[in-house]
A.B. asks: 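Let me give you the structure first, and then I'll get to my questions.
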Amino acid sequence: MEKNKVQVKIGGASYTIITEDEPEYVEGLAEYLSDEMRSICNANPALSMTQAAVLVALDQTDACRKATASSDNLRAQIKDYLEDSARARMEVDVARREVERLNREISELRDKLASRK
């Protein structure tokens with residue numbers, strides 16, 4: 001994949017990012033990060049940009065871990081649903097075979113009954 005060299009500004013500092021992602025995506029991330037840092041600094045002017053960056057990183061790490069746990073939970077639920085579905089399909093197949101067997105038996109019994117008349 002092609003590497004993109006993206007120039008961004010975060011918290012007043014310029015960074016050159018080399019990435020396979022689209023430049024617009026990386027620029028959006030940088031803008032989001034910068035906005036979050038600015039918001040934290042506005043709420044507490046005593047904080048440095050580094051402290052604000054650490055707080056944003058902590059918040060994003062928390063969000064990432066929660067999202068990962070949530071997606072793991074969803075994957076487990078989907079796996080359970082797929083297993084339940086496979087079990088139900090097997091039960092349907094067994095029931096279908098039993099219905100077919102019973103229909104054959106009924107047919108045989110009707111034939112025997114008809115031949116006795």
A.B. asks: Would you say Ser34's side chain and Gly11's backbone share a donor-acceptor pair under 3.5 angstrom?
C.D. replies: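 Checking the backbone N and O of Gly11 against the side chain of Ser34, a donor-acceptor pair under 3.5 Å is found.
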A.B. asks: Could you tell me the separation between the CG atom of Leu47 and the CG atom of Asn44, rounded to the nearest 0.5 Å?
C.D. replies: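 Leu47 CG to Asn44 CG: 4.0 Å, rounded to 0.5 Å.
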A.B. asks: How would you list, by chain and number, every residue that makes a salt bridge (Lys or Arg N to Asp or Glu O under 4.0 Å) with Glu105, sequence neighbours excluded?
C.D. replies: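 For Glu105, the residues satisfying salt bridge (Lys or Arg N to Asp or Glu O under 4.0 Å) (neighbours in sequence not counted) are Arg101.
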A.B. asks: Can a donor-acceptor pair be found, under 3.5 Å and without considering hydrogens, that links the side chain of Thr68 to the backbone of Cys64?
C.D. replies: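 Here the side-chain-to-backbone pair exists.
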A.B. asks: Do Lys3 and Glu20 have side-chain heavy atoms sitting under 4.5 Å apart?
C.D. replies: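 Sidechains of Glu20 and Lys3: in contact.
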A.B. asks: To the closest 0.5 Å, what do you measure between CG (Leu74) and OH (Tyr81)?
C.D. replies: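 Answer rounded to 0.5 Å: 9.0 Å.
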A.B. asks: Residues in salt bridge (Lys or Arg N to Asp or Glu O under 4.0 Å) with Asp35, at least two apart?
C.D. replies: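 With sequence neighbours excluded, Asp35 shows a salt bridge (Lys or Arg N to Asp or Glu O under 4.0 Å) to Arg38, given in chain and number order.
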A.B. asks: Check step by step if side chain to side chain contact (heavy atoms under 4.5 Å, CB included) holds for Val8 and Thr16.
C.D. replies: CA-CA 6 Å; Val8 296; Thr16 301; over 6 Å; no
A.B. asks: Do Asn4 side-chain atoms and Ile18 backbone N/O form a donor-acceptor pair below 3.5 Å?
C.D. replies: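 Judged by distance alone, no pair lies under 3.5 Å.
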A.B. asks: Looking at Glu31, I want to see if its CD is surrounded by more than 12 non-hydrogen atoms of other residues, nucleotides or ligands under 6.0 Å.
C.D. replies: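 Atom CD in Glu31 is not packed in, count stays at 12 or less.
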A.B. asks: State the CG-CD1 distance between Leu55 and Ile40, to the nearest 0.5 angstrom.
C.D. replies: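 Going from the CG atom of Leu55 to the CD1 atom of Ile40 covers 5.0 Å.
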A.B. asks: Judged by atom type as modelled, is there a donor-acceptor pair below 3.5 Å linking the side chain of Ser70 to the main-chain atoms of Lys66?
C.D. replies: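 No; judged by distance alone, with no hydrogens or angles, the pair does not exist.
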A.B. asks: If you look only at distance, which donor and acceptor atoms sit under 3.5 Å apart when one is on a side chain in residues 86-95 and the other is two or more places apart or in another chain?
C.D. replies:
residue	atom	partner	partner atom	Å
Arg87	NH2	Asp84	OD1	2.5
Arg89	NH2	Ser85	OG	2.8
Asp93	OD1	Arg96	NH1	3.4

A.B. asks: How many angstroms lie between atom CD1 of Ile17 and atom OG1 of Thr19, to the nearest 0.5 angstrom?
C.D. replies: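 Reported value, rounded in 0.5 Å steps: 8.0 Å.
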A.B. asks: Find the distance between CG (Asn103) and CZ (Arg110) and round it off to the nearest 0.5 Å.
C.D. replies: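 Rounded to the nearest 0.5 Å, the CG-CZ separation comes to 8.5 Å.
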A.B. asks: Counting only N and O atoms by type, is there a donor-acceptor contact under 3.5 Å from the side chain of Arg75 to the main-chain atoms of Ser71?
C.D. replies: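 It does hold such a pair.
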A.B. asks: Each residue besides Ile78 in its hydrophobic cluster should be listed here, by chain and number; the cluster joins Ile, Leu, Val, Met, Phe, Trp and Tyr at side-chain heavy-atom distances under 4.5 Å.
C.D. replies: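 So far as hydrophobic clustering goes, Ile78 is joined with Leu82.
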A.B. asks: Say whether, by atom type as modelled, one donor and one acceptor occur between the side chain of Gln51 and the main chain of Ser48 under 3.5 angstrom.
C.D. replies: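 Present.
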A.B. asks: Please check if any side-chain donor atom of Tyr32 sits under 3.5 Å from a side-chain acceptor atom of Glu27, or the reverse.
C.D. replies: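 Side chains of Tyr32 and Glu27: no pair found under 3.5 Å.
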A.B. asks: Quick check: is Met37 connected to Val54 through a chain of hydrophobic side chains (ILVMFWY, heavy atoms under 4.5 Å apart)?
C.D. replies: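 Different hydrophobic clusters.
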A.B. asks: Applying salt bridge (charged side-chain N to carboxylate O under 4.0 Å, His left out) as the test, list every pair that has at least one member in residues 40-51; sequence neighbours left out.
C.D. replies: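 Qualifying pairs, neighbours excluded: none.
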A.B. asks: List in chain and number order the residues that pass salt bridge (Lys or Arg N to Asp or Glu O under 4.0 Å) with Asp111, two or more places apart in sequence or in another chain; answer none if no residue qualifies.
C.D. replies: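 Counting only residues at least two positions away or on another chain, Asp111 forms no salt bridge (Lys or Arg N to Asp or Glu O under 4.0 Å).
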A.B. asks: Rounded to the nearest 0.5 Å, what separates atom CD in Glu100 from atom CD in Glu98?
C.D. replies: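 Those atoms lie 10.5 Å apart.
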